[in-house]
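Along the sequence shown, the residues carry numbers beginning at 1.
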Amino acid sequence: MPDSTVILDSQAIQRALTRIAHEIAERNVRSHEVVLLGIPEGGVPLAQRLSTTLKSIWNHAVPVGTLDVSMHRDDLGQRAAPQVHPTVVPFDVTGKTVVFVDDVLFSGRTIRAAMDALNDFGRPNCIQLAVLVDRGHRELPIKADFVGKNVPTAPSEKIHVRLDRAGQQDEVVLERK
């Protein structure tokens, strides 16, 4: 039976997102050039929340999109059938600072796929990465620019980010087998 520990509760998640938003604002003085792209599934609600917080910092809306990477993954042949989500990029990324938003950074392969997928939409000036949890174990030379919490894990452990569940608190759970 797996053993699990809550590593971020709802308040801790909100504090981490507020800090990430302020770090994004500090790094990007040209605020009108910043756009957020959430990576399904966990990155999408996080991108929306970051947009809301950035709007209160910058006093203008920050565009948010969704970028599905499932067909750009390098392990496509190893999966039974990819779960495809809609891609919605309602803005031109050319010349913009694109901030990828994801819930957990692990091997780096999802972010590599996101960079490949982004090529279909233009050439951004800069790509940055914001993640709620960085659990290590990188297989590619990818590093997050903005991290909510670093959680060293064993490869056999799992991180579950639970957001927007009806009637339940947001939380991040570490599951040990």
Checklist entry - Going through the checks in order, is the side chain to side chain donor-acceptor pair (under 3.5 Å) test met by T18 and Q14? => result CA-CA 6 Å; T18 300; Q14 187 54 49; 3.2 Å; yes

Checklist outcome for this item: One should read off an interatomic distance between R162 CZ and I13 CD1, to the nearest 0.5 angstrom, of 10.5 Å

Next on the checklist: Any heavy-atom pair between the side chains of R27 and Q128 that's under 4.5 Å?
Outcome noted: yes

Next on the checklist: Taking CD in Q11 as the centre, count heavy atoms belonging to other residues, nucleotides or ligands within less than 6.0 Å. Is the count above 12?
Outcome noted: no

Checklist entry - Do V99 and L37 have side-chain heavy atoms sitting under 4.5 Å apart? => result no

Next on the checklist: Looking at T97 and C126, would you say the former's side chain and the latter's main chain have a donor-acceptor pair under 3.5 Å?
Outcome noted: no

Item to check | Beyond-backbone contact of E171 with L8, side-chain heavy atoms, under 4.5 angstrom | outcome: no

Item to check | Any side-chain donor near an acceptor of the partner, R112 and S107, under 3.5 Å | outcome: no

Next on the checklist: For A144 versus V131, what's the shortest heavy-atom pair and its separation?
Outcome noted: CB-CG2, 3.8 Å

Next on the checklist: Please tell me whether I39 and V64 are part of a single hydrophobic cluster in this structure, the criterion being side-chain heavy atoms less than 4.5 Å apart.
Outcome noted: no

Checklist entry - Can you find a heavy atom in the side chain of T153 that is under 4.5 Å from one in the side chain of H137? => result yes

Item to check | A130 versus I20, closest heavy-atom pair with distance | outcome: CB-CG2, 4.0 Å

Checklist entry - Taking a hydrophobic cluster as the set of Ile, Leu, Val, Met, Phe, Trp and Tyr residues connected by side-chain heavy atoms closer than 4.5 Å, whether directly or through intermediates, do V104 and V151 fall within one such cluster? => result yes

Next on the checklist: Checking A16 now: which residues fulfil side chain to side chain contact (heavy atoms under 4.5 Å, CB included) with it, not counting sequence neighbours?
Outcome noted: R19, L132

Checklist entry - Of all heavy-atom pairs between L163 and G42, which one has the smallest distance, and what is that distance? => result CD1-O, 4.0 Å

Checklist outcome for this item: When rounded to the nearest 0.5 Å, the distance separating CG of D9 from CZ of R15 is 6.5 Å

Checklist entry - Step by step, would you call D145 with I24 a side-chain contact (heavy atoms from CB on, under 4.5 Å)? => result CA-CA 9 Å; D145 299 279; I24 290 170; over 6 Å; no

Next on the checklist: Please determine whether residues V35 and L17 belong to a single hydrophobic cluster, defined as Ile, Leu, Val, Met, Phe, Trp and Tyr linked transitively by side-chain heavy-atom distances below 4.5 Å.
Outcome noted: no

Next on the checklist: Quick check on the hydrophobic clustering: are V147 and L140 connected, directly or via other members, by side-chain heavy-atom contacts under 4.5 Å?
Outcome noted: yes

Next on the checklist: Grouping I, L, V, M, F, W and Y whenever their side-chain heavy atoms are under 4.5 Å apart, do V161 and L50 come out in a common cluster?
Outcome noted: yes

Item to check | Atom of V62, atom of L54 and distance for their closest heavy-atom approach | outcome: CG2-CB, 3.7 Å

Checklist entry - Which residue pairs satisfy the ring-ring contact (aromatic ring centres under 6.0 Å, His included) criterion with at least one member in residues 4-50, sequence neighbours excluded? => result H32-H60

Checklist entry - Can any side-chain N or O of R109 pair as donor or acceptor with the backbone N or O of E139 at less than 3.5 Å? => result no

Item to check | Heavy-atom pair of closest approach, residues A47 and V101 | outcome: N-CG1, 3.7 Å

Checklist outcome for this item: Closest non-hydrogen atoms of I127 and M115, given as atom of the first, atom of the second and distance, are CD1-CG, 4.1 Å

Item to check | Pair D164 + R49: basic N to acidic O under 4.0 Å | outcome: yes

Next on the checklist: Just to verify, what does V44 make a side chain to side chain contact (heavy atoms under 4.5 Å, CB included) with, not counting sequence neighbours?
Outcome noted: P40, Q48, T66

Checklist entry - To the nearest 0.5 Å, how far apart are NZ in K96 and CZ in R30? => result 11.0 Å

Checklist entry - What do the steps show when you test N28 against E33 for side-chain contact (heavy atoms from CB on, under 4.5 Å), and what is the final call? => result CA-CA 8 Å; N28 296 286; E33 294 179 5; over 6 Å; no

Item to check | From CG (L105) to CD1 (I142), nearest 0.5 Å | outcome: 7.5 Å

Item to check | Rounded distance [0.5 Å steps], CG in L67 versus CZ in F121 | outcome: 6.0 Å

Next on the checklist: Measuring from atom CZ of R135 to atom CZ of F106, what distance do you get when rounded to the nearest 0.5 angstrom?
Outcome noted: 4.0 Å

Checklist entry - Any sub-3.5 Å donor-acceptor pair from R176's side-chain atoms to A154's backbone N or O? => result no

Next on the checklist: What verdict does the side-chain contact (heavy atoms from CB on, under 4.5 Å) test give for F100 and L36, after you've listed the backbone C-alpha separation in whole Å, the side-chain angles of each residue and the deciding distance to 0.1 Å?
Outcome noted: CA-CA 6 Å; F100 287 141; L36 304 176; over 6 Å; no

Item to check | Main-chain N/O of P86 paired with D68 side-chain donor or acceptor, under 3.5 Å | outcome: no

Checklist entry - So T53 and W58, side-chain contact (heavy atoms from CB on, under 4.5 Å) or not? Walk me through it. => result CA-CA 9 Å; T53 305; W58 282 331; over 6 Å; no

